[in-house]
A.B. asks: 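Just passing along the structure, written as structure tokens.
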2 protein chains.
Amino acid sequence: MSECFDQRIALTVDVVIFTLLDNALKVLLIRRRREPFAGMWALPGGFVHPQESLEDAARRVLYEESGATDVYLEQLYTFGHPDRDPRQRVVTVAYFALVSADRLPLDVQSPRSSERGWWPAYEPPPLAFDHADILAYALQRLRYKLEYTAVGFQLLPETFTLTELQMAYETILREQLDKRNFRRKVLAAGILEETDAFKSGGHRPARLYRFRREATVESTARRLFP
Amino acid sequence: MSECFDQRIALTVDVVIFTLLDNALKVLLIRRRREPFAGMWALPGGFVHPQESLEDAARRVLYEESGATDVYLEQLYTFGHPDRDPRQRVVTVAYFALVSADRLPLDVQSPRSSERGWWPAYEPPPLAFDHADILAYALQRLRYKLEYTAVGFQLLPETFTLTELQMAYETILREQLDKRNFRRKVLAAGILEETDAFKSGGHRPARLYRFRREATVESTARRLFP
DNA sequence: CTCTTATGGTGTCGGCCTGACACTTATGGT
DNA sequence: ACCATAAGTGTCAGGCCGACACCATAAGAG
């Protein structure tokens, strides 16, 4: 590291906030009021304050825009192409967050204003800046994590049925999964615990499960070499 | 993304440069001449110039400090704790690079000055700033990538024997691998091609292999769900 | 009360991948 | 020629995975 000079690069965080609503994977977008890209949709973001860590900044943006706290948040990638912002040099540290719908305030779940909305993550509107790249990268990472780890619970309420869990996986991966194999694997992974409650919705009641907090989230992945 | 104000956060890149020398995984460190941490060892790094992308900055630092070009380089993580630098707020985008020893200029392979040196990656000296964290994270990522992908070739010369490849893997993973299983797997992955050359070093000659450039580097990983 | 309907829940079998394991082959040096 | 040393090769057993079909249970309709 050489010594310092002033270079005036602005630093922001952008947060890709995912949730499941109406059996679809949604992402929170904000409509831009000012130039550049006025009127277009963009990821929630903001400048990093001088005394706050990057993750703190991301949590602040997450809370300001979605009202959610204590949710899964992970650094995604840092985007710094010199002209990704036409005004000045802006480098952004992108995060992605998984929020279960029941942790969102009601006015955020169904925003009244047209300035903010939950969009289908796989069919977003045109986005400002390089946010389409950021979203695409976040989706890739989410699918990847879902395939190798147990992070899907973060999008569900405290307790859930195995069918609900499977539907969440199918929604995000966009493919059908075999019910028996899904159950076998997810139970063998040892990351769920039964509750003694059931969910009865007109038909045979389904057992509710809960995520085992003590279980390491990075569960069963396979190694190329032993 | 809200609108801009001046916040004077400095932005740097730090590059964890790995190579294999003397049958050990080494990392390039630079001795700091100035405060803070004067006299301590640190990762090569530098400020991001106003008109260059993050990856360009990382390649520039990589070239300035090691003389290597056209090598494997990947963004690692962005470290931004508010007081990771005691002078001022500095956020650093860390990269890691894999360089085969034969692409290093001779004076870099065996530096004369005591201001720069290749240190055992698993037994580094005390490091300035939070560079020990960055190095630990890079090692974890390197092991991970090695287990799941075929990235190990980047540390070897253009052609190499399977035993050399296996030794590289054993050095980095710090465990012994079975010769027959290693060969079976690495050949089944289809990322190598035979050359018709052999390496004869006093005993039975070993066939030389080459990395198939057309092969996708992200090769055979396993999915948790089909 | 019974029947219908819709979802919840369960087991097996074959194929493939993986990990454990030992001997023969080829060369250079003595 | 003999020896030392590294290169190179195959099998077998266990576990994991993917494919596949039927019974159980509750609510609601008649």
Side-chain angles (χ1 to χ4, degrees), chain A residues 22-23 146-150 152 156-157 159-171 173-210 218-226, chain B residues 20 23 146-150 152 156-157 159-171 173-210 218-226:
Chain A
D22 311 320
N23 279 333
L146 217 58
E147 284 162 355
Y148 287 92
T149 74
L156 294 175
T159 63
F160 47 85
T161 69
L162 290 185
T163 300
E164 288 167 349
L165 182 61
Q166 181 176 347
M167 291 204 317
Y169 273 74
E170 289 177 338
T171 297
L173 298 177
R174 293 195 293 182
E175 56 185 318
Q176 297 293 110
L177 302 174
D178 179 86
K179 178 161 59 162
R180 280 166 292 188
N181 294 340
F182 181 85
R183 283 160 189 252
R184 189 207 311 155
K185 247 187 201 169
V186 83
L187 290 176
I191 46 192
L192 295 188
E193 61 186 14
E194 285 188 0
T195 68
D196 41 6
F198 288 81
K199 175 173 202 164
S200 48
H203 304 291
R204 176 172 173 175
R207 182 174 291 278
L208 288 165
Y209 289 80
R210 172 190 298 123
E218 305 289 334
S219 66
T220 47
R222 264 323 159 75
R223 295 176 43 181
L224 185 53
F225 294 102
Chain B
L20 286 173
N23 279 333
L146 217 57
E147 285 161 353
Y148 287 91
T149 74
L156 294 176
T159 64
F160 47 86
T161 69
L162 290 185
T163 301
E164 288 167 349
L165 181 62
Q166 182 176 348
M167 290 204 318
Y169 273 75
E170 289 177 340
T171 298
L173 298 177
R174 292 196 293 182
E175 56 185 318
Q176 297 295 110
L177 303 174
D178 178 86
K179 178 160 58 161
R180 280 167 293 187
N181 293 342
F182 181 84
R183 285 163 186 251
R184 190 210 306 158
K185 246 186 201 168
V186 84
L187 291 176
I191 46 192
L192 295 188
E193 61 186 15
E194 285 189 0
T195 68
D196 40 8
F198 288 82
K199 176 174 204 165
S200 49
H203 304 292
R204 174 170 176 177
R207 182 174 292 277
L208 288 165
Y209 288 79
R210 172 189 301 124
E218 306 287 335
S219 66
T220 45
R222 264 324 159 76
R223 297 176 42 180
L224 184 53
F225 293 101

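By convention in this document, chain letters (A, B, ...) are assigned in the order of the sequence lines, proteins followed by strands, and residues within each chain are numbered from 1.
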A.B. asks: Does a donor on one side chain and an acceptor on the other come within less than 3.5 Å for B:Thr159 and B:Arg207?
C.D. replies: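 No - no donor-acceptor pair under 3.5 Å links their side chains.
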
A.B. asks: If I take atom CG in residue B:Asn181 and atom P in nucleotide D:dC12, what distance separates them, rounded to the nearest angstrom?
C.D. replies: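 For the pair B:Asn181 CG and D:dC12 P, the rounded distance is 15 Å.
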
A.B. asks: Return whichever of B:Ser200 or A:Arg204 has its heavy-atom-nearest nucleotide of DNA chain C closer to the 5' end.
C.D. replies: A:Arg204

A.B. asks: If you check every side-chain atom of A:Ala206, which of C:dG8, D:dC20, C:dC21 has the closest atom?
C.D. replies: C:dG8

A.B. asks: Please determine, for C:dG29, whether a Watson-Crick or G-U wobble partner exists with both distances under 3.5 Å, and give it or none.
C.D. replies: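 Base-paired to D:dC2.
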
A.B. asks: What's the closest nucleotide to the A:Lys179 side chain, out of C:dG19, C:dG8, C:dA6?
C.D. replies: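 Closest nucleotide among those given: C:dG8.
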
A.B. asks: Counting only side-chain nitrogens and oxygens, does B:Lys185 get under 4.0 Å of the OP1 or OP2 atom of C:dG19?
C.D. replies: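 Checking B:Lys185 against C:dG19: at least one side-chain N or O falls below 4.0 Å of OP1 or OP2.
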
A.B. asks: Please give, in whole Å, the distance from D:dA7 P to B:Phe160 CZ?
C.D. replies: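 Value for this atom pair: 14 Å.
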
A.B. asks: Checking the side chain of B:Gln166 only, and the main-chain atoms of B:Leu177 only, is there a donor and an acceptor separated by less than 3.5 Å?
C.D. replies: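 At least one qualifying donor-acceptor pair exists.
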
A.B. asks: Provide, to the nearest angstrom, the distance between the CG atom belonging to B:Leu187 and the C1' atom belonging to D:dA7.
C.D. replies: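 Atom-to-atom, B:Leu187 to D:dA7, this comes out as 13 Å.
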
A.B. asks: Within less than 4.0 Å of OP1 or OP2 of D:dG8, is there a side-chain N or O belonging to B:Arg183?
C.D. replies: yes

A.B. asks: Is A:Thr163 close enough to C:dG8 that one of its side-chain N or O atoms is under 4.0 Å from OP1 or OP2 there?
C.D. replies: yes

A.B. asks: Within this structure, what is the CG-to-C1' distance between A:Asp178 and D:dA21, rounded to whole angstrom?
C.D. replies: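 About 11 Å, once rounded to whole Å.
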
A.B. asks: For the base of C:dT7, is there a side-chain donor-acceptor partner from A:His203 under 3.5 Å away?
C.D. replies: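 Answer is no: no donor-acceptor pair is held.
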
A.B. asks: Give me the atom names and distance for the closest heavy-atom approach of B:Tyr209 to B:Thr195.
C.D. replies: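 That would be C-CG2, 4.2 Å.
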
A.B. asks: Whole angstroms only, please: what is the CZ-C1' distance between A:Phe198 and C:dT7?
C.D. replies: 14 Å

A.B. asks: Of the non-hydrogen atoms in B:Leu162 and B:Phe182, which two are nearest, and what is the gap between them?
C.D. replies: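 Result for this residue pair: O-CE2, 3.9 Å.
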
A.B. asks: Could you report the tightest heavy-atom contact between A:Tyr169 and A:Gly152, atom names first, then the distance?
C.D. replies: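 The answer is OH-N, 3.7 Å.
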
A.B. asks: To the nearest angstrom, how far is A:Arg180 atom CZ from D:dC23 atom C1'?
C.D. replies: 12 Å

A.B. asks: Measure NZ/B:Lys199 against P/D:dA6 and give the value in whole Å, please.
C.D. replies: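 So the two atoms are 13 Å apart, to the nearest Å.
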
A.B. asks: Without decimals, in angstroms, what is the distance between B:Phe182 CZ and D:dA7 C1'?
C.D. replies: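 After rounding, the gap between these two atoms is 14 Å.
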
A.B. asks: Base, sugar-phosphate, or nothing: which does B:Arg184 touch, judged by heavy atoms less than 4.0 Å apart?
C.D. replies: base

